[in-house]
Amino acid sequence: MLRTAIAAASASAQFIFVSHPSLIHIASFTMLRHTAIPASSLTLALGQSTPLPPSSAALHGVAMPLASSPASKTLMGVAAHACSSPSSGAFATPIGRHIASLTATPSVSFAAFPAAFPGSGSRRLLLTCSARGRKSGANEVSAEPVAPSADAEAGSANGSAHGEKLAVNKSAEDAGKKAEEAGKKAQKRGKELEKRLRRLREVMAEVDGGKGVDALIIPSEDPHQSEYMAPCFERRAFISGFTGSAGTAVVTRERALLWTDGRYFLQAEQQLPPGWELMRAGMPGVPSVAEWLADALPEGSRVGVDPFVHSAENVRCLAETLAGSSSVVVPLLRETNPIDVVWGAERPPPPSAPMRVHPIVYAGQTVKAKLQQLRGEMRDAGVTSLLVSALDEVAWLLNVRGADVPHCPVTVAYAVVEMEAAYVFVDASKVAAPEVAEHVAAAGITVKPYADLVPFLQRSAMGGARLWLDPSSASSAVLCSVEAACAQFYEQRVSGKGGFGGAPGGKKGKKGEKKSKEGKGGKGREERGGGEEEGAGGEGVVAVEGPAVLSRTTPVSLAKALKNECEIEGMKNAHIRDAAAMACFWEWAERVVVGEGRAVTEVELGEKLEAFRAQQEGFLDTSFDTIAGSGKNGAIIHYRAEEGSCAVVDPSRMLLLDSGAQYVDGTTDITRTVHFGTPSDYEKECYTRVLQGHIALDRAVFPVGTPGFVLDILARGPLWSMGLDYRHGTGHGVGAALNVHEGPQSISPRFGNATPLQAGMVLSNEPGFYHDNQFGIRIENLLVVREQETPYRFGGTTYLGFEYLTLFPIQTKLIAVELLSENEVTWINEYHQRVWDTVSPLLSGTPLQWLQCNTQPISKDQASQAAATAKAAAAS
């Protein structure tokens with residue numbers, strides 16, 4: 001940690017002398033207000049033990065024009081002492097009534113310095129503060145006046161750049177107050193989380209009629225198994241303090257644990273309070289939640305779950321695993337979620353944003369056409385009813401959008417499709433707008449209260465309905481309720497009190513009797529009356545006269561993933577406008593951080609980027625919280641900067657920016673990694689390997705039927721050749737003006753997802769590398785799968801490839817061009833040419849100049865010449 005010192009001059013010493021310029025680089029001139037420095041001739045000087053000529057680059061850097069705005073409250077690190085006159089070899093520049101500052105290496109941000117300077121003589125103010133911690137958000141600061149030492153007086157007399165050094169890290173009184181407030185806030189948060197955990201254990205002992213549970217599983221999901229959800233469903237974050245979008249908490253009588261994947265390891269380490277254990281899911285030797293519970297709990301333990309927020313599939317797998325230890329799953333079906341009991345009146349209310357119509361010009365297909373296609377699939381499967389649980393699937397099917405979930409244009413609702421009718425279960429206030437009501441009615445959709453879903457499905461089952469639901473998005477509560485109704489139907493049928501008078505094939509129905517067949521391409525499962533049997537072979541037809549449940553992925557998921565041409569066109573247009581906003585943003589960022597030397601925080605980056613996007617036509621929202629990580633924060637894969645604890649952008653470190661937007665016609669998701677200074681050879685090598693993987697995947701050509709996991713190695717290969725890798729998937733599906741993450745398609749090393757990539761699917765291409773506590777690199781474009789023209793078609797096979805949707809420059813400063821092949825250089829140049837041709841018509845002025853500068857072609861010859869020049873300069 002570079003220690004710095006600052007001294008305020010009185011009338012007899014009215015300039016500040018900066019020592020050790022070799023440790024200081026020009027990155028941020030920041031003006032401070034509320035100072036009591038005389039406005040006459042305060043001066044900033046730079047000097048060192050060996051005098052530098054005024055013509056040196058370092059001195060010119062200090063003498064550059066100062067920022068004129070005093071609004072900033074950030075003092076960057078400065079090493080300084082007071083002296084009576086500039087020494088030989090020091091270069092002084094008047095700075096008026098404000099203090100100019102320089103960024104020390106490593107970059108450390110400081111708050112405003114409002115303290116009055118000593119008023120006479122050569123008294124100095126000694127300021128010290130502790131290094132800022134991630135959780136505290138600021139530093140402890142202390143200040144006391146000190147007298148100059150003899151060495152300092154001697155330093156002033158002989159012009160030496162070394163004198164008395166007064167240590168300072170950060171700034172003065174208001175920073176101290178900020179630190180104290182942040183410390184108190186962190187302490188209060190820890191105590192509150194501890195209190196919540198203690199209260200939860202009390203509730204756990206009381207549930208299920210006083211029988212209690214030995215463990216409670218708290219997932220991330222809402223009743224629709226959403227990745228992103230309304231604040232009222234963020235139960236795991238409420239109890240654990242961890243705010244990542246993926247993770248599962250388990251609380252037992254004595255322990256509290258959190259499972260999350262590699263994207264969130266560092267974030268979880270920082271956010272989990274004392275007493276919580278981090279389980280790094282996917283790492284060798286780390287058991288799953290179910291495996292850990294089966295092994296750690298005593299035999300016969302009771303594991304509580306809220307069946308409304310656990311998928312039917314997860315609860316079934318959990319029960320199977322626990323059975324080996326004689327433990328049982330306890331569905332708290334008729335009780336308030338224990339977390340909600342602890343949350344009480346402070347729990348946010350349910351979302352109430354209105355629906356809006358998604359125009360046919362963007363949807364490309366009418367609701368009636370979608371329903372007709374879906375009913376054909378239902379008829380083939382032998383079902384009479386289909387439940388749509390996932391929020392983005394409901395929105396897609398009904399050509400509506402909403403705003404109930406941050407960053408996701410969806411409404412909290414269910415849809416049920418029958419052969420002659422269709423229903424949407426939603427709060428009536430959300431469809432009250434005349435255009436929405438007319439749209440829904442014209443499509444033949446009946447509106448019912450959201451809370452009526454389960455009773456409706458139970459009545460349908462009692463009437464003989466054969467229901468198709470997706471076990472990955474339908475909650476266990478829904479499945480259990482329908483199963484109970486099916487069981488009741490068959491019990492009445494056996495007793496002669498109801499039903500159709502006889503079982504199929506002349507046999508009486510029994511619980512769990514096998515009545516389903518294996519569907520095409522995967523397992524088909526019929527669940528009826530609390531029993532469950534799997535069939536094999538056949539056409540996936542439910543062959544019963546009475547009620548049944550077909551528990552299998554519904555056709556809606558895949559239909560939504562296969563974008564039509566209108567949806568693809570909307571995505572393209574949205575990306576072009578988004579690129580224009582990005583160009584304006586990056587031009588601004590480089591200008592203020594590098595050109596003006598202003599201190600800019602990670603939070604400010606996100607806010608400014610959103611402001612530029614908001615100027616674009618059709619902008620609605622960001623598609624997720626912007627990830628802006630400077631330096632080591634970039635190594636936190638899904639880092640989220642927060643006011644008060646985020647970093648100031650360090651021009652000497654890499655900056656990773658992952659962001660996206662929701663427009664009326666499309667959804668964007670883009671990541672760029674940049675360096676405002678001079679990257680190291682290691683950083684350039686890592687960046688280039690990531691880029692090579694990105695290019696390899698972009699250029700892939702593969703036969704129809706290829707699943708995404710087969711392509712994953714293309715993106716990782718260049719990193720693997722160096723012994724490097726990354727802990728996340730390479731590509732996720734993206735919705736068309738819908739959720740930024742969608743299934744079933746993906747590109748990942750996890751071979752469990754065997755979904756073939758098909759024309760019309762949109763995926764991300766985002767390889768990366770993360771050096772813990774140093775930097776992060778990720779390069780992300782969105783791609784659409786397209787049919788490819790190939791010279792040959794072996795066996796008549798159709799081949800597929802990708803067309804990129806994202807059109808924005810990739811920083812060439814970070815590329816080690818000598819590592820690239822000629823084909824890779826060609827790809828970069830052709831990509832940048834298309835970026836220029838497509839995006840430049842939307843720009844003017846300095847953003848246009850910025851785009852032109854950043855889309856210039858590169859060549860291996862130029863790189864070789866530059867390397868030779870640098871080597872010769874170093875030798876001389």
- Taking atom types as modelled, is there a side-chain donor on S429 or D427 under 3.5 Å from an acceptor on the other? no
- Task: Work out which heavy atom in F709 is nearest to a heavy atom in A754; give both atom names and the distance.
- Result: CE2-CA, 4.3 Å
- Query: Within the distance-only criterion (no hydrogens, no angle test), does the side chain of R778 pair as donor or acceptor with the backbone N or O of F769 below 3.5 angstrom?
  - Reply: no
- Query: Is there side-chain contact between I339 and R347, with heavy atoms separated by less than 4.5 Å?
  - Reply: no
- E269 CD to Q267 CD distance, which is reported to the nearest 0.5 Å: 11.0 Å
- With distance as the sole test, does W292 use its side chain to make a donor-acceptor pair with the main-chain N or O of V286 at under 3.5 Å? no
- Message: S764 vs D669, test: side-chain hydrogen bond (donor to acceptor under 3.5 Å, both in side chains). Steps then yes/no.
- Response: CA-CA 8 Å; S764 65; D669 183 2; 5.5 Å; no
- Query: V394 versus T411: any side-chain heavy-atom pair under 4.5 Å?
  - Reply: no
- N/O donor-acceptor pair under 3.5 Å between D725 side chain and R716 backbone: no
- Sub-3.5 Å donor-acceptor pair from the side chain of D404 to the main-chain atoms of A353, do we have one? yes
- Worked verdict on Q270 versus I636 for side-chain contact (heavy atoms from CB on, under 4.5 Å): CA-CA 10 Å; Q270 295 168 1; I636 303 174; 3.4 Å; yes
- Query: What is the ring orientation for Y450 with H224, classed by angle as parallel under 30°, tilted 30 to 60°, or perpendicular over 60°?
  - Reply: tilted
- Message: I'd like to know whether the aromatic ring centres of F624 and H407 sit less than 6.0 Å apart in this structure.
- Response: no
- Could you tell me whether the side chain of L332 reaches within less than 4.5 Å of the side chain of D306, counting heavy atoms only? no
- State the OG-CD distance between S557 and Q745, to the nearest 0.5 angstrom. 7.5 Å
- Item | V341 and R199: CA distance, side-chain angles, deciding distance, side-chain contact (heavy atoms from CB on, under 4.5 Å) verdict | CA-CA 9 Å; V341 175; R199 174 60 181 141; 4.1 Å; yes
- Message: I'd like to know whether S226 forms a side-chain hydrogen bond (donor to acceptor under 3.5 Å, both in side chains) with D222, so could you lay out the CA-CA distance, the side-chain angles of the two residues, the decisive distance to 0.1 Å, and finally the verdict.
- Response: CA-CA 6 Å; S226 306; D222 63 5; 3.0 Å; yes
- Item | Test item: T755 and S746 side chains (from C-beta on) under 4.5 Å apart, heavy atoms | no
- Find the distance between CZ (R236) and CH2 (W259) and round it off to the nearest 0.5 Å. 13.5 Å
- Around R263, counting heavy atoms of other residues, nucleotides and ligands shown, do more than 12 lie under 6.0 Å from its CZ? yes
- Exercise: do E227 and N739 side chains pair donor with acceptor under 3.5 Å: no
- Message: For R198 and E202: C-alpha separation, side-chain torsions, deciding distance, then whether salt bridge (charged side-chain N to carboxylate O under 4.0 Å, His left out) applies.
- Response: CA-CA 7 Å; R198 186 167 57 249; E202 294 174 356; 5.4 Å; no
- With respect to I218, which candidate in V251, N337, V309 satisfies the side-chain contact (heavy atoms from CB on, under 4.5 Å) definition? V251
- Task: Mark yes or no for whether R401, through its side chain, and A395, through its backbone, hold a donor-acceptor pair below 3.5 Å.
- Result: yes
- Message: For a side-chain contact (heavy atoms from CB on, under 4.5 Å) check, start with the C-alpha distance between R316 and L479, then their side-chain angles and the critical distance, and finish with the verdict.
- Response: CA-CA 11 Å; R316 179 181 62 83; L479 177 59; over 6 Å; no
- Item | Nearest non-hydrogen partners of L197 and A256, listed with the distance | CD2-CB, 4.0 Å
- Message: For C232 versus W343, what's the shortest heavy-atom pair and its separation?
- Response: O-CZ3, 3.7 Å
- Task: Using the ring of Y770 (Phe, Tyr or Trp, six-membered ring only), decide whether R727 places NZ or CZ under 6.0 Å from its centre and within 45 degrees of its axis.
- Result: no
- Query: Can you tell me how far CG of L258 sits from CG of L272, rounded to the nearest 0.5 angstrom?
  - Reply: 5.0 Å
- Residue pair T384 / A465: nearest heavy atoms and the distance that separates them: OG1-CA, 3.5 Å
- Query: Does S240 use its side chain to pair, donor to acceptor, with the backbone of F242 at less than 3.5 Å?
  - Reply: yes
- Query: Under 4.5 Å between any side-chain heavy atoms of L469 and S551, yes or no?
  - Reply: yes
- Message: Determine whether a donor-acceptor pair (N or O, by modelled atom type, separation under 3.5 Å) exists between the side chain of R253 and the backbone of A205.
- Response: no
- Heavy-atom side-chain contact between R235 and D340 under 4.5 Å: yes
- Hey, is the main chain of S288 close enough, under 3.5 Å, to the side chain of E291 for a donor-acceptor pair? yes
- Please confirm whether the backbone N or O of R302 pairs with a side-chain atom of D214, one donor and one acceptor, at under 3.5 Å? yes
- Judged by atom type as modelled, is there a donor-acceptor pair below 3.5 Å linking the side chain of S476 to the main-chain atoms of P307? no
- Task: Test M229 against L391 for side-chain contact (heavy atoms from CB on, under 4.5 Å), laying out the working first.
- Result: CA-CA 10 Å; M229 65 209 69; L391 300 185; over 6 Å; no
- Which residue, V388, L457, V424, forms the side-chain contact (heavy atoms from CB on, under 4.5 Å) with V416? L457
- Measure the CD-OG distance between E221 and S245 for me, rounded to the nearest 0.5 Å. 10.0 Å
- Query: Any side-chain donor-acceptor pair under 3.5 Å between E234 and T243?
  - Reply: no
- Message: To the nearest 0.5 Å, what is the distance between CD1 on I637 and CD1 on I627?
- Response: 9.5 Å
- Message: I'd like to check E766 versus H732 (side-chain heavy atoms, cut-off strictly below 4.5 Å). Are they in contact?
- Response: yes
- For M279 and P287, which heavy atoms make the closest approach, and how far apart are they? CE-CD, 4.1 Å
- Task: Please name the pair of heavy atoms, one in A268 and one in L278, separated by the smallest distance, quoted to 0.1 Å.
- Result: CB-CD1, 3.7 Å
- Message: Could you check whether any side-chain heavy atom of L216 comes within less than 4.5 Å of a side-chain heavy atom of V207, counting everything from C-beta outward?
- Response: no
